[in-house]
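Quick notes on the structure that follows.
One-based numbering, in listed order, for ligands and for the atoms of each. Everything numeric in this text was worked out from a predicted model, so none of it was measured.
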Amino acid sequence: MAPVQPSQQTLTRFFAHPAGSKPKRQATLTSGGKSAKSKQPKSTKDENDCGDMKVGEDEVCSTPDSAGKDDAHSMSSSPGQKDDVATPPTSPISKKAENQGEKTGRKRRKRRGSRSGSEQPDNHGLSKKKRESKAKPEKNIDDLDLEVNRPASTNADASSSDASMEAEASEEEPALREEEIKEELPLAKRELSKKSKWPPGSPVPYSALCATFEKIEATTKRLEIISYCSAFFQEVLTLTPDSLLQVVYLFINRLSPDYEGIEIGLGESMLMKAVGECTGRSQAQIKADYQKTGDLGTVAQNSRMNQPTMFKPKPLTAEGVFKNLKEIAKITGSQSQSRKVSIITKMLSACQGSEAKYLVRSLEGKLRIHLAEKTVLSSLAPAVVAWEAQKKGKAPSPTNVVNAEGILRAVYSEMPSYDVIIPAIVKKGIMNLREACALTPGVPLKPMLAKPTKSITEVLDRFQEQKFTCEYKYDGERAQIHYLGNGKSHVYSRNSEDMSAKYPDIVSAIERFVKPETKSFVLDCEAVAWDRDAKKILPFQVLSTRKRKDVQEGDIKVRVCVFAFDMLYVNGRRLLQTPLCERRKLLHEAFNEVEGEFAFAKYMDGINVDEIQEFLDQSVKDSCEGLMIKMLEGDESGYEPSKRSRNWLKLKKDYLTGVGDSLDLVVLGAFHGRGKRTNWYGAFLLACYNPDTQEYETICKIGTGFSEEMLDTLYQRLSKTTISQPRSYYSYTQSNANGPDVWFEPTMVWEVLAADLSLSPVYRAAISEIGRNKGVSLRFPRFIRIRDDKNPEQATSSEQVCEFYQRQASAAGNNGGADFVEEDY
Ligand SMILES: Nc1ncnc2c1ncn2[C@@H]1O[C@H](COP(=O)(O)OP(=O)(O)OP(=O)(O)O)[C@@H](O)[C@H]1O
Ligand SMILES: [Mg+2]
Ligand SMILES: [Mg+2]
């Protein structure tokens with residue numbers, strides 16, 4: 001089963017190629033086989049679509065060609081703003097290039113390539129120059145419409161299974177290797193107790209934590225980061241083990257497991273107020289500094305230094321800061337703002353050195369030291385192994401570190417709760433973690449994800465001689481149903497949010513579909529809107545009109561039917577390693593279908609092209625999105641939590657041509673509407689997310705696919721999230737070509753369909769993956785829907801964007817994306 005150890009492939013990818021020598025991934029074309037019927041991307045009937053637009057409104061269309069014209073428009077429409085704001089550096093000739101010789105593998109090359117603008121404001125001039133757009137004259141709007149409707153590539157069905165399949169596990173952080181541990185993590189050399197930074201048993205000084213943050217922020221080398229983190233964790237374990245939980249939460253900048261939903265992310269105005277109150281500086285001064293640095297944390301730090309302190313408050317502790325953050329996150333009701341500001345002010349006045357910077361960033365909800373959660377998880381392993389060895393007076397073993405990391409990863413994907421894992425590590429030891437923290441009803445696990453495919457041929461290539469099964473792909477909302485055995489149940493989203501209050505009807509239906517002998521279970525399902533009269537599935541758009549909070553069962557207008565496709569736990573038995581065929585059998589034995597409330601996902605185990613084609617067509621007739629094709633037997637058919645696995649493939653009717661799948665993108669900014677859209681935003685700037693650099697990279701401008709009703713909703717929601725300037729972790733081009741009129745906090749994710757991907761000097765998506773000082777941009781993007789079930793950091797990653805691009809480029813014979821076509825932009 002995959003989560004435990006990385007595949008050989010992953011290790012090879014990350015470690016086997018010396019820097020610069022790794023060959024670009026290339027897709028192999030599979031052609032000749034019979035392929036699924038290709039369908040063109042649908043043109044929507046939305047009257048606001050680009051195709052309908054009058055000339056002069058077409059700036060809302062994100063065509064590469066419109067960039068040049070936008071330039072002029074934007075310059076006149078929002079003067080001043082664009083040139084003042086801080087822009088992330090964009091030049092590949094960044095200081096990170098110095099690390100070139102030391103790094104191997106794609107992940108590391110990526111990390112080297114870009115870095116947040118907040119840290120390198122001096123680079124802006126250089127970057128800006130490099131990013132000048134060479135846009136072509138705009139296209140006639142009629143041509144645009146035609147192009148929207150044309151298939152993206154004549155070769156779209158000749159798919160490239162290898163390119164996507166090779167990417168297995170690519171979303172995962174590479175695991176630690178023994179040699180690396182020996183060479184680069186100074187495990188055995190550490191003698192922490194001799195020079196401990198705080199007295200054993202006393203609270204962890206927040207300053208010690210911030211000193212570690214500073215070291216992490218100053219490097220981009222993954223192993224160096226792991227080494228700083230793990231040295232600090234080891235110190236905490238040695239001196240104050242019971243505080244490790246709070247320390248880890250502060251490192252990942254979270255307050256609780258996802259399903260508890262306690263979040264922090266305060267707005268800039270509240271933080272500026274607090275900084276003003278405790279330093280005596282005016283809001284105007286603070287704002288001006290913020291404009292200059294683009295980072296409120298730095299502003300807070302510098303403000304403190306300007307202010308003489310009258311008396312010395314008690315130094316902050318990690319435990320105290322964590323407690324306060326949690327308290328702030330929970331404050332609601334009247335005067336909540338002033339209560340929050342007062343706690344923040346108190347903490348800020350106690351800050352020394354860099355503490356104010358990190359405290360403010362934590363309050364904003366973004367630490368921005370390029371520390372991914374997965375790196376923190378990896379760092380725990382050497383820390384704990386060294387600590388356990390130290391207690392026994394032994395030298396820590398690199399083999400144990402590798403094993404411990406594997407255990408931690410596997411356990412975390414099954415039980416994503418540090419509240420459970422960390423105390424278990426401290427009390428029971430890391431090698432016993434698996435028994436202590438296995439899948440338990442009541443704690444949602446990260447769902448298994450699927451890889452996109454573009455044709456039946458590609459699917460058959462993947463599964464070759466192996467047993468697989470096709471299931472209907474229902475279009476609703478993923479629902480993980482937990483039944484705890486004591487009558488208690490929960491419905492969790494894909495995001496591990498508790499949706500029980502949104503779906504009281506599912507909760508109350510359980511007793512009708514559960515068999516009496518089924519006492520506890522965890523089910524993986526899709527909740528789909530259901531028409532009770534016509535006894536038919538309704539489109540996702542209907543489901544999305546359901547209220548999200550405080551739903552009273554009696555008031556429900558949109559009914560849902562649950563389609564169960566997997567069972568992960570039943571009556572105390574954990575089924576993750578059980579083959580799918582067996583899980584399916586158990587699933588069917590444990591429940592009864594109830595019309596319009598609960599059904600088993602429809603499946604077909606036939607293996608030839610015609611059978612699959614027929615089943616695909618039938619799924620579409622039955623209002624489904626297409627098929628999910630899954631490994632049915634053997635080791636590879638287990639359930640792999642949190643993994644985008646090649647053992648699950650999705651084949652969607654809409655995406656058989658074009659990009660291959662939709663993308664989920666974050667809204668960073670908007671352009672004021674004109675003409676019919678005067679009262680709303682007319683177009684938006686979208687970005688993908690780069691988890692390595694923790695930056696949002698712009699990918700396109702979008703103005704197509706919105707109904708008037710939707711534009712109104714979007715205006716209502718987004719206008720509340722405007723910010724005075726882009727965040728320092730937005731990676732965008734500081735030319736006037738695509739600067740939006742307003743910027744937003746990153747809060748909303750949209751599913752977007754595109755006809756095509758191209759390289760662009762204007763957009764920044766996957767720029768370091770592509771490595772040519774060009775980002776990827778979407779051509780003819782169309783809004784599909786809001787994804788409230790994804791948070792911004794779960795948006796399509798830069799790496800996925802790069803994969804999409806390379807896949808498309810290789811399908812079109814472009815040599816794995818090595819060449820870009822000038823006229824694309
Ligand atoms: N039979 C099925 N088996 C598995 N998943 C199914 C099935 N039917 C519907 N689904 C849904 O399909 C989803 C996977 O495809 P989809 O393209 O909708 O993913 P997504 O939510 O957009 O996420 P991503 O694009 O990140 O994979 C699952 O998460 C699940 O919600
Ligand atoms: Mg879906
Ligand atoms: Mg998707």
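Heavy atoms of Phe563 come nearer than 4.0 angstrom to ligand 1 in no pair at all. Distances from ligand 1 to the non-hydrogen atoms of Arg644 include at least one value under 4.0 Å. Distances shorter than 4.0 angstrom occur between a heavy atom of Arg787 and an atom of ligand 1.
Separation of the Tyr472 and Phe563 ring centroids does not fall under the 6.0 Å cut-off. A centroid separation of 6.0 Å or more is found between the aromatic rings of Tyr483 and Phe513.
Set against the non-hydrogen atoms of Trp648, the atoms of ligand 1 under 4.0 Å away are 4 (C). With ligand atoms numbered from 1 in the order given, ligand 1 contributes 1 (N), 2 (C), 3 (N) to contacts under 4.0 Å with heavy atoms of Glu471. The atoms of ligand 1 that sit less than 4.0 Å from any heavy atom of Asp664 are 22 (O), 25 (O). Close contacts between ligand 1 and Tyr472 involve ligand atoms 1 (N), 2 (C), 7 (C), 8 (N) [criterion: under 4.0 Å to a heavy atom]. Atoms of ligand 1 found under 4.0 Å from any heavy atom of Lys790 (numbered from 1 in listed order, with element): 23 (O), 24 (P), 26 (O).
In this structure, Arg583 forms no cation-pi arrangement with Tyr639, as its terminal cationic atom is not both closer than 6.0 Å to the ring centre and no more than 45° off the ring axis.
With a heavy-atom cut-off of 4.0 Å, Arg494 touches ligand 1 through its side chain alone. Under 4.0 angstrom from ligand 1, the non-hydrogen atoms of Lys473 come from both its backbone and its side chain. At a heavy-atom cutoff of 4.0 Å, ligand 1 is contacted by no atom of Thr796, backbone or side chain. Contact annotation for Glu751 and ligand 1: no heavy atom of the residue comes within less than 4.0 Å of the ligand.
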| task | Take Ile629 and Cys470 through the test side chain to side chain contact (heavy atoms under 4.5 Å, CB included) and record every step on the way to the result. | result | CA-CA 4 Å; Ile629 300 124; Cys470 302; 3.9 Å; yes
| query | Taking it one step at a time, do Phe521 and Phe591 satisfy ring pair (Phe, Tyr, Trp, His ring centres under 6.0 Å)? | reply | CA-CA 10 Å; Phe521 62 81; Phe591 302 95; 4.9 Å; yes
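Closest to atom 3 (N) of ligand 1 by heavy atom, among Arg478, Lys630, Glu526, Arg785, is Lys630. Of the listed options Met448, Lys652, Gln800, Lys650, Lys650 places a heavy atom closest to atom 25 (O) of ligand 1.
By the 30° and 60° cut-offs, the orientation of the rings of Phe783 relative to Trp750 is perpendicular.
Salt bridge Glu799/Arg644: absent, no basic N to carboxylate O contact under 4.0 Å. Residues Lys366 and Glu745 are not paired through a salt bridge, judged by the lack of any N-O separation under 4.0 Å between the basic side chain and the carboxylate.
In terms of polar-atom proximity, Glu477 is not counted as a contact of ligand 1, lacking any N or O under 3.5 Å from an N or O of the ligand.
A donor and an acceptor atom, one from each side chain of Asn495 and Ser493, are nowhere located under 3.5 Å apart.
Results of the salt bridge (Lys or Arg N to Asp or Glu O under 4.0 Å) test with Glu625 over Lys650, Lys652, Lys653 single out Lys652 as the only residue that passes.
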